[in-house]
Asks: 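My questions all concern the structure below.
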Amino acid sequence: MFNESLYLKITKAKPLPRAFYKRKVVKVAIDLLGKILVRKYSNKILSGKIVEVEAYNGVTDPASHAYKGMTPRNKVMWDHPGKVYVYTIYGIHYCLNLIAEPKGIPAAVLIRALQPIIGIEEMIKNRGVNDLTKLTNGPAKLTQALKITKELNGIDATVKDALYVVNPPSKENIEIVSSKRIGITKGTNKLWRFYIKNNPFVSKK
DNA sequence: CTGTCGATCTACT
DNA sequence: GTAGATCGACAGG
């Protein structure tokens, strides 16, 4: 049930450095697939593998929150790469993004789905859902499962704090699929949604 | 100040 | 397949 070796590897791993995020947002998005998201709160560790993402480029992309300029909500997108951007959607849900590109260039990667790894019991409790494949297979589901709220907006994911990303404990070959982004009305032509092929924890086909 | 709407999810038909 | 939840962010006046 509980894999101690895996737990130790993940909890001892260092967060990905800022240089990882300081690149083209599409590359960062693709490279985040297969990485491990770690969430810590009140002595609990919750963790999952990133299996689905979307890229948002504030400069050229009408679907991005940053497209029309800086506002109180989106200002973290202009901050250092590796920062965390959390916003409320539809009044009831949160979505998690990681900032990419050099400071001053607004761009973000939306984390759309995880494969649960550590703290599954806690995630089930947070979600009130038993089905593992429905635990974190959507942007607002994973924030609920990992207790990610707007309190985390603006924190730095390159330090080992409440939320960060690490390399997977062992390398595995993954096949990546790109497709149209989901749930947007503008910029729908770009194929900036990426997910791991045949992974059952991806939100949709 | 007011009206509109959203990078979603769940429940119900 | 579709409706309802539920509210903050934002644009416009």
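Just the heavy atoms: all of them, side chains too, but no hydrogens, waters or symmetry mates, feed the values below. All chains are named by letter (A, B, ...) in the order of the sequence lines, taking the proteins before the strands, and each is independently numbered beginning at 1.
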Asks: Can you check whether A/Leu114's main-chain N or O pairs, donor with acceptor, with A/Lys141's side chain at less than 3.5 Å?
Replies: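 No: the side chain of A/Lys141 does not pair with the backbone of A/Leu114.
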
Asks: Would you grab the first and last nucleotide of DNA chain B (5' to 3') that comes under 4.0 Å of any non-hydrogen atom in chain A?
Replies: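 That gives a stretch of B/dG6 to B/dT10.
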
Asks: With the sugar-phosphate defined as primed atoms, P, OP1 and OP2, and the base as all remaining atoms, what B/S/- string results for nucleotides 2-13 of chain C, 5' to 3', for protein heavy atoms under 4.0 Å?
Replies: ---BBBSSS---

Asks: Which part of the nucleic acid does A/Arg127 contact within heavy-atom distance under 4.0 Å: base, sugar-phosphate only, or nothing?
Replies: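 It contacts sugar-phosphate atoms only.
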
Asks: Do A/Lys40 and A/Asp161 meet the salt-bridge criterion of a basic N to acidic O distance under 4.0 Å?
Replies: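 No.
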
Asks: Testing the 3.5 Å rule here: is there a donor-acceptor pair between the side chains of A/Tyr41 and A/Glu151?
Replies: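 A/Glu151 and A/Tyr41 do not have a side-chain donor-acceptor pair below 3.5 Å.
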
Asks: Does either side chain, that of A/Asn199 or that of A/Gln115, offer a donor lying less than 3.5 Å from an acceptor on the other one?
Replies: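 The criterion, which ignores hydrogens and geometry beyond distance, is satisfied for A/Gln115 and A/Asn199.
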
Asks: So what is the 5' to 3' dot-bracket string for DNA chain B, if pairs are Watson-Crick or G-U wobble with both distances under 3.5 Å, crossing pairs use [ ] and | means the partner sits on another strand?
Replies: ||||||.|||||.

Asks: Using modelled atom types and a 3.5 Å cut-off, is there a donor and acceptor pairing between side-chain atoms of A/Glu52 and backbone atoms of A/Asn137?
Replies: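 Side chain of A/Glu52 to backbone of A/Asn137: no pair is present.
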
Asks: What I'd like to find out is whether the side chain of A/Asp31 reaches to under 4.5 Å of the side chain of A/Val28, using heavy atoms alone.
Replies: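 Counting from C-beta outward, A/Asp31 and A/Val28 never come under 4.5 Å.
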
Asks: Quick one, A/Val202 with A/Arg193, criterion side chain to side chain contact (heavy atoms under 4.5 Å, CB included). Give me CA distance, side-chain angles, the key distance, then yes/no.
Replies: CA-CA 11 Å; A/Val202 166; A/Arg193 171 175 174 249; 3.7 Å; yes

Asks: Less than 6.0 angstrom from the centroid, inside 45 degrees of the normal: does A/Arg181 satisfy that with respect to the ring of A/Tyr56?
Replies: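 Yes, A/Arg181 sits over the ring of A/Tyr56.
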
Asks: So, is the end of the A/Arg23 side chain (NZ or CZ) under 6.0 Å from the ring centre of A/Tyr21 and within 45° of the ring's axis?
Replies: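 No; the conditions do not both hold, so A/Arg23 does not lie above the ring face of A/Tyr21.
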
Asks: Would you say the ring centroid of A/His65 lies under 6.0 angstrom from that of A/Tyr87?
Replies: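 Under 6.0 Å, so yes.
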
Asks: With a 4.0 Å cut-off on heavy atoms, is A/Ala140 in touch with a base, just the backbone sugar-phosphate, or nothing at all?
Replies: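 Contact class for A/Ala140: sugar-phosphate only.
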
